[in-house]
Amino acid sequence: MRCKKMVNVGRRQFLRGSAVAGVGAAATMMTGVQAHAATPGAQVDYPSTKLGNISDLTVNEPVDIEFPDADSPGVLLKMGEAVEGGAGPDSDIVAFSVLCPHKGWYMSYNSEDRTLNCPGHYSRFDAEAGGQQVWGHATQNLPQFTLRIDDKGDIYAEGASDLIFGRPSNVL
Ligand code: FES
C-alpha cells in the first residue's frame, strides 16, 4: 500500500515537471526568442606597428607580415572590394594572423576562394568575412588585425580581434 502511494506521488511529480517543461517550450515557440549569453570580445590594442604602404599592395596577392611581434606571423591583403574590417580608401585592406587557432599550424592564403587554409587539420577561414571559420577543427575565428592608414598611405596594425594562437592573453 505504502509502495503504491509512493508510485502515485512519483507520477504526479513527473507530470508536474512535464507540464512546466511543456509551457516553457511553448513560450519559446510562440516568441521565437531564446536566451543567448553575451560573448565578450577579445579585441585588444597593441602598440602601433607599420606594416607597409598601400602602394606596395596588389589586389589578391598576400604580403607576409609580423604583428605584434616577430613570433606572430601574419598576412596583409588588398581584396579589391570593401570587406568586413577593411581599411583604406576602398575599405578593402585586411590583415590576419596565419597561425591556425586550432593547434598553431602555419596557414597559407588561397587566392582562388580567398580563404586562409590550414595544412594541419584543414580548417579554413574567410578573408572577406573578417576571418570567419568556414570549415574544420578550430573553435574560434582567425584573429584579424586592426589597421589604420594615414594620409601618406602607410598601413599600421594596432590591435587584434581574437586571441593569437599560443598566447595565454592578448597582452604583450
Ligand atoms: Fe589547423 Fe588543426 S592546426 S585545423
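Start at 1 and go down the list; that is how both ligands and their atoms are numbered. As the structure is a prediction and not an experimental result, all values here were calculated from the model.
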- Query: Aromatic rings H102 and H121: how do their planes relate, parallel, tilted or perpendicular, breaks at 30° and 60°?
  - Reply: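 Aromatic pair H102/H121 classed perpendicular.
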- Item | Residue K103 vicinity, atoms of ligand 1 by number, heavy atom under 4.0 Å |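 Under 4.0 Å from K103, ligand 1 has these atoms: 3 (S).
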- Can you check whether D92 reaches E81 side chain to side chain, under 4.5 Å on heavy atoms?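 Side chain of D92 against side chain of E81, heavy atoms only: no contact under 4.5 Å found.
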- Under 3.5 Å, is there a donor-acceptor pair between the T146 and Q43 side chains?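 Their side chains do contain a donor-acceptor pair, which is all the 3.5 Å distance test asks for.
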- Message: Please determine whether C100 has a backbone or side-chain N, O or S atom lying under 2.8 Å from atom 1 (Fe) of ligand 1.
- Response: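 C100 does place an N, O or S atom closer than 2.8 Å to atom 1 (Fe) of ligand 1.
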- Can you tell me if an N/O/S atom from C118 lies under 2.8 Å from atom 1 (Fe) of ligand 1?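 An N, O or S atom of C118 is closer than 2.8 Å to atom 1 (Fe) of ligand 1, so yes.
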- Where atom 2 (Fe) of ligand 1 is the vertex, angle from H102 ND1 to H121 ND1 to 10°: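 The two atoms subtend 100° at atom 2 (Fe) of ligand 1.
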- Query: What's the shortest distance from atom 4 (S) of ligand 1 to any protein heavy atom, and which residue and atom give it?
  - Reply: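 Looking only at protein heavy atoms, the one closest to atom 4 (S) of ligand 1 is S123 OG, 3.2 Å.
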- Query: When hydrophobic residues are tied together by side-chain contacts of less than 4.5 Å, even through go-betweens, does V75 share a cluster with Y156?
  - Reply: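 No, separate clusters.
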- Message: Could you check whether F96 and F125 have their ring centres less than 6.0 Å apart?
- Response: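 Not close enough - the centres of the two rings lie 6.0 Å or further apart.
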